[in-house]
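Read through the structure below, which is laid out as structure tokens, and then see the notes.
Chain letters run A, B, ... following the sequence lines, proteins first and then strands; every chain starts at 1. Heavy atoms only: backbone and side chains are in, while hydrogens, waters and symmetry mates are out.
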Number of protein chains: 2
Amino acid sequence: MSEIAGTPRDRRRRETTAEILEAAWRLSRRDGLGSVSLRDLGREVGLRASSLYAYFDSKAALYDAMFRQGQEQLAALAAEWPRSLADVDDPRRTAKELAARFVAFCTEDPTRYQLLFQRVIPGWEPSPESYALAVARVDELRVTLASVGIEGDEAVDLWTALLTGITDQQISNDPGGDRWSRLVPWAVDLFFDQLRSEP
Amino acid sequence: MSEIAGTPRDRRRRETTAEILEAAWRLSRRDGLGSVSLRDLGREVGLRASSLYAYFDSKAALYDAMFRQGQEQLAALAAEWPRSLADVDDPRRTAKELAARFVAFCTEDPTRYQLLFQRVIPGWEPSPESYALAVARVDELRVTLASVGIEGDEAVDLWTALLTGITDQQISNDPGGDRWSRLVPWAVDLFFDQLRSEP
DNA sequence: GTCTATATCCAGATAGAC
DNA sequence: GTCTATCTGGATATAGAC
């Protein structure tokens, strides 16, 4: 729990674990999530594949740690946002910013997006504890949308569908571009005009 | 080109090819697209893996044939639809039906959806000729939307994002259910109300 | 904790006999 | 067209020495 504590040995261990995770992300971005081998991963950090088992029980455990890390990055981003839009100057404008940042978070690292939001690794899915982090994000979103009068599970679901749909198209059909991501403000307008009565 | 022509030998060859493709779909649905091995695939049709090379040049060619088949299935579905909504009784209602059928097409076979609309197989993408089939679908959609006054590439892009987003959430977070797919009529309303001036 | 060595199993692809 | 045999290379994981 404490982030600075521990013996020097603990410290070293955490450092190596972090290095392995970084390398795993690097290789995943280069070759695809499913194509990372423990041999390559070991080589990347100066270890033999078998030595990685001192840090992760299995490859599935490695994926789970990556998933958790990605969720924590999203949580860190979300922590910077206002939870309620009721008391901001321009709720609609702020909503557009939040939406744009979420889509940017997803498209700036398609590999991370795939791990967090799609099931592309055969036979793997996040552990219940890790998946709970994702559920917490949706709960936050519900509160935020409700603060501007957009209520109900269905509205939340449509919102997520809209943003992940834009992300998905962007990644699959115009990687690196903005053909879909630039539609975000428009999509938010559409959503607000329809679901909210405002001045 | 001719579908019935050919010597008996040709006929047999086409039959076997079709059997292999069927088996490939079956195994993909069972184990995931990326997990199909030529060994298993051969066993499924009573052949050795090496014999499959008499029908497909490589595994990538097999994926390409599957992709083409999926696109043709979608094209066959689209061929039943009215190209223009200008002269149907209730354009909005018809649009809802088309959208619902598209989402149903995608969710009823998530594996096919992944192959057609996502890039989940490391190192593989459809050949240009096969991808052209997908582009043709979008062109059709452009015409259809234009027929009800919804014009512009951006509207087409947002439409596809909306429907694939709904599909994606449905597949990833509520497989077999309808938590997202039931939102289709609502999404179409949202779209029409905003982008179209109608009586 | 890291190594070597190994177990076990799998992949895609090709050569050449029949 | 199909087979056997094989190539070449890969995977995850474990045992046991140091």
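More than 12 heavy atoms of other residues, nucleotides or ligands sit less than 6.0 Å from atom CZ of B:Arg26.
The residue A:Tyr55 sits close only to the backbone: its heavy atoms come under 4.0 Å of sugar-phosphate atoms, none of a base.
With rounding to whole Å, B:Leu52 atom CG is found 14 Å from C:dT14 atom C1'. If you take CG of B:Leu41 and P of C:dA11, they are 11 Å apart, rounded to a whole angstrom. If you take CZ of B:Phe56 and P of C:dT14, they are 16 Å apart, rounded to a whole angstrom. Rounded to whole angstrom, the span from the CG atom of A:Leu47 across to the C1' atom of C:dT4 amounts to 14 Å.
Inspection of the A:Asp157 and B:Gln169 side chains reveals no N or O donor paired with an N or O acceptor under 3.5 Å.
Under 4.0 Å is where a charged nitrogen must lie from a carboxylate oxygen, and between B:Glu154 and A:Arg182 at least one such pair does. Between B:Glu15 and B:Arg11 there is a salt bridge, with a side-chain nitrogen of the basic residue lying less than 4.0 Å from a carboxylate oxygen of the acidic one. Between A:Arg14 and A:Asp10 there is no salt bridge, since none of the side-chain N atoms of the basic residue sits less than 4.0 Å from a carboxylate O of the acidic one. For the pair A:Asp193 and A:Arg92, the salt-bridge criterion is met [side-chain N within less than 4.0 Å of a carboxylate O].
Using a 4.0 Å cut-off on heavy atoms, the residues of residues 58-67 of chain B that approach DNA chain C are B:Ser58, B:Lys59, listed by number.
Residues satisfying the side chain to side chain donor-acceptor pair (under 3.5 Å) test with A:Gln69, not counting sequence neighbours, are A:Trp25.
Between B:Ser51 and B:Arg39, the residue anchored nearer the 5' end of DNA chain D, judged by the nucleotide with its closest heavy atom, is B:Ser51.
The span of DNA chain D lying next to chain B, judged by atoms under 4.0 Å from heavy atoms, is bounded 5' to 3' by D:dG1 to D:dT4.
Relative to the ring axis of B:Phe105, B:Arg112 places its NZ or CZ within 45° and under 6.0 Å from the centre.
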